[in-house]
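What follows is a short report on a single structure.
Small disclaimer: the values here were computed from a predicted structure and weren't measured. Order of appearance sets the numbers: ligands from 1, and atoms from 1 within every ligand. No hydrogens, no waters, no symmetry mates; every other heavy atom, side chains included, goes into these values.
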Amino acid sequence: MAPPGTEEHPIRVAIIGAGPAGFYAADQILKDPATHAQVDLFDRLPTPYGLVRGGVAPDHPKIKSVTRVYDKTAAKEGFRFFGNVEIGRDLEVEDFERHYHAIIYAFGAEADRELGIPGEHLPGSHAATSFVGWYNAHPDYADRDFELDRVRRAVVIGNGNVAMDVARMLALDHDELRQTDIADHAIEVLETSTVEEIVILGRRGPAQAAYTNPEIREMGELEAADVVVDPAEAELDPASRAWIESEDADKTAIKNVEIVNGFAARKPEGRPRRVTLRFLASPVEIRGDDRVSSVVIGHNELVDDDGTLRARDTGEREELACELVLRSVGYTGIPLPGVAFDERRGTILNRDGRVLESHNGGHRTGHYTAGWIKRGPSGVIGTNKKCASETVDHLLTDTGNGALLEPAEPEPAAIEGLLADRGVDFVTFGGWQAIDRAEVGRGEPHGRPRVKFVRVGEMLEAAAGDAADEPGPE
Ligand SMILES: Cc1cc2nc3c(=O)[nH]c(=O)nc-3n(C[C@H](O)[C@H](O)[C@H](O)COP(=O)(O)OP(=O)(O)OC[C@H]3O[C@@H](n4cnc5c(N)ncnc54)[C@H](O)[C@@H]3O)c2cc1C
Ligand SMILES: NC(=O)c1ccc[n+]([C@@H]2O[C@H](COP(=O)([O-])OP(=O)(O)OC[C@H]3O[C@@H](n4cnc5c(N)ncnc54)[C@H](OP(=O)(O)O)[C@@H]3O)[C@@H](O)[C@H]2O)c1
């Protein structure tokens with residue numbers, strides 16, 4: 001038989017996770033001129049695009065137009081989508097090994113990092129992951145209750161772009177939100193919101209914030225909220241000042257400091273809500289009897305730790321009353337049974353995208369990874385292109401060297417047969433396009449880009465509606 005990668009014997013690759021990393025990896029493989037390949041892209045949801053659909057804020061629609069690039073990939077010969085198929089539930093690693101020459105894990109980092117402080121799990125204290133999923137109509141979070149009608153002050157913990165997103169969603173004008181693709185249930189609840197103040201706690205100073213310039217600038221442009229910064233907290237400590245004024249400082253940090261200084265110089269203009277930025281402030285305890293009633297804040301100073309300015313507790317405390325806490329201190333990956341995991345980093349154990357057998361082991365033949373589950377939960381959508389490209393380069397090199405899996409059942413129909421035997425109601429790309437059309441159609445009368453389905457059952461129903469005109473496997 002000809003070696004895998006030729007016209008008679010194309011390599012069959014399974015990619016698990018249809019977020020940016022999965023789509024970029026699929027594209028890189030399918031466009032390689034020297035390799036004949038077929039790619040099956042799996043996702044546990046009936047809908048593709050990962051955090052582009054379920055993470056990116058509803059009031060940032062332009063960013064979501066990146067999905068047009070992914071649609072071009074999906075239209076390529078050799079590409080198939082299998083939505084509503086979860087690895088670890090419907091298919092196991094061994095099933096993929098039986099059907100594919102290579103597997104790329106690109107299933108993102110869906111869990112939230114914990115703070116490890118008392119009271120973290122009191123009712124009223126939520127991970128940003130669940131709030132984000134809820135307003136973006138992710139089926140896993142549809143039934144969460146944030147009780148916004150009993151909240152006057154919300155505290156957002158963290159100084160990254162996700163913290164900016166969730167704070168902004170609490171502060172935005174409802175008329176503006178109603179024009180977006182935000183989940184219907186979220187609009188209804190946000191309209192009853194009694195939130196007056198959103199306090200964002202950064203454990204370090206304005207020079208160390210993880211957010212980027214447009215996202216912090218937007219805080220000062222909200223119709224419905226004033227932005228408030230205490231000039232004393234905007235003031236940089238000597239070490240941060242020296243760094244910001246040095247040639248080492250990055251442009252984003254310099255601009256972030258400038259923007260926050262601008263906010264500190266402002267007077268509130270009587271808008272109905274306010275967003276208060278606090279710095280050098282860590283939560284040390286979340287208090288309440290049966291639900292959150294306050295956060296105890298520890299005041300920090302910055303100390304040089306091998307060239308990095310880190311937060312150190314000064315011992316000074318302050319108690320801030322609040323009824324809602326959103327913890328936005330980063331995401332983390334979920335281990336997949338049977339695949340070596342790096343617990344410290346929350347990623348699949350890998351070297352530049354090649355999955356390892358164990359911490360000191362070599363490459364596990366045929367297994368690769370890309371995106372957040374490869375490198376950790378940071379980076380914007382475009383970062384995953386370079387990341388996927390590195391992984392695919394290795395995969396193609398290994399193809400050339402004949403170092404892939406030798407699947408027992410490589411025929412494209414075999415995996416469909418297995419899914420049918422297991423009663424898995426998988427969604428093809430045509431099925432997704434039917435869901436898409438239905439959602440867009442639901443939005444049109446209201447001048448909205450789409451009204452998203454929230455329940456998996458509704459999505460499957462909409463996908464099945466297309467089955468009649470479906471030409472078969474793509
Ligand atoms: C709240 C939020 C907002 C963001 N906003 C922006 C922004 O505005 N602009 C920007 O550039 N970047 C933004 N980012 C970053 C960007 O979304 C990420 O860089 C990118 O989505 C990571 O891509 P990924 O493919 O690794 O993971 P993901 O996008 O998370 O995709 C992973 C996919 O795997 C699927 N999956 C998970 N487990 C399984 C399983 N067991 N079996 C099968 N499938 C599975 C998931 O359903 C998902 O579709 C944001 C991130 C977050 C968290
Ligand atoms: N519009 C956009 O482009 C957009 C929108 C959303 C997300 N994203 C991207 O998605 C990625 C993930 O964003 P993210 O906001 O989840 O993560 P992030 O950028 O890593 O920010 C995490 C924040 O949490 C803080 N933190 C961590 N542990 C803490 C603790 N124990 N106590 C208090 N604070 C703590 C960090 O502070 P330290 O710095 O002190 O550790 C940091 O400010 C980022 O790359 C982001 O840029 C982009």
Between the side chains of [X] and [Y], is a donor N or O closer than 3.5 angstrom to an acceptor N or O?
| X | Y | value |
| --- | --- | --- |
| R375 | N384 | yes |
| D425 | N84 | no |
| S240 | D237 | yes |
| E319 | S294 | yes |
| Y135 | Y141 | no |
| T428 | R80 | no |
| T276 | E197 | yes |
| T180 | D59 | no |
| H60 | E218 | yes |
| Y49 | D71 | yes |
| N161 | T212 | yes |
| K374 | T391 | yes |

Region of [X] that comes within reach of ligand 1 [heavy atoms, distance under 4.0 Å]:
| X | answer |
| --- | --- |
| V380 | both |
| R89 | neither |
| L51 | both |

Under 4.0 Å from any heavy atom of [X], which atoms of ligand 1 are there?
| X | result |
| --- | --- |
| A106 | 32 (C), 34 (O) |
| E86 | 40 (C), 41 (N), 42 (N) |
| G50 | 29 (O), 31 (O), 48 (C), 49 (O) |
| V85 | 43 (C) |
| G371 | 26 (O) |
| I16 | 42 (N), 43 (C) |
| G379 | 15 (C), 18 (C), 19 (O) |
| V162 | 1 (C), 2 (C), 52 (C), 53 (C) |

So, are E110 and R44 salt-bridged, with charged N and O less than 4.0 Å apart?
-> yes
Is the shortest distance from a heavy atom of [X] to ligand 1 less than 4.0 Å?
| X | answer |
| --- | --- |
| T129 | no |
| G88 | no |
| T383 | no |

Under the 4.0 Å line, does any protein heavy atom show up next to atom 50 (C) of ligand 1?
-> no
Give a yes or no on whether atom 21 (O) of ligand 1 lies under 4.0 Å from any heavy atom of the protein.
-> yes
[X] N/O under 3.5 Å from ligand 1 N/O:
| X | value |
| --- | --- |
| V132 | no |
| R44 | yes |
| L45 | no |
| Y49 | no |
| Y331 | no |

Side-chain contact, heavy-atom cut-off 4.5 Å: L336 with Y105?
-> yes
Close side-chain approach of L190 to L177, heavy-atom, < 4.5 Å = yes
Given [options], which one has a non-hydrogen atom that is nearest to [atom]?
| atom | options | value |
| --- | --- | --- |
| atom 23 (O) of ligand 1 | G17, G19, C387, P20 | P20 |
| atom 25 (O) of ligand 1 | A128, A18, A21 | A21 |
| atom 41 (N) of ligand 1 | N384, N136, T369, I87 | I87 |

Could you state the interatomic distance from NE2 (H367) to CZ (R354), rounded to the nearest 0.5 Å?
-> 14.0 Å
I216 side, atom CD1; N159 side, atom CG - distance, nearest 0.5 Å = 7.0 Å
For atom 35 (C) of ligand 1, find the nearest protein heavy atom and state the residue, atom name and distance (0.1 Å precision).
-> D43 OD2, 3.2 Å
Nearest non-hydrogen protein atom to atom 36 (N) of ligand 1, with distance, is F107 CB, 3.7 Å
Taking it one step at a time, do R455 and E461 satisfy salt bridge (Lys or Arg N to Asp or Glu O under 4.0 Å)?
-> CA-CA 10 Å; R455 307 281 169 192; E461 221 169 277; over 6 Å; no
When you look at E439 and K452, which way does the salt bridge (Lys or Arg N to Asp or Glu O under 4.0 Å) test go after all the steps?
-> CA-CA 5 Å; E439 288 188 340; K452 287 180 178 173; over 6 Å; no
Inventory of protein N or O atoms under 3.5 Å from ligand 2 N or O:
from, atom 1, to, atom 2, distance (Å)
ligand 2, 1 (N), E215, OE2, 2.8
ligand 2, 15 (O), N161, N, 3.4
ligand 2, 15 (O), V162, N, 3.1
ligand 2, 28 (N), R203, NH2, 3.4
ligand 2, 39 (O), R204, NH2, 2.9
ligand 2, 40 (O), R203, NE, 2.9
ligand 2, 40 (O), R204, NE, 2.8
ligand 2, 41 (O), R203, NH2, 2.8
ligand 2, 43 (O), N159, N, 3.0
ligand 2, 45 (O), G379, N, 2.7
ligand 2, 47 (O), N161, ND2, 3.0

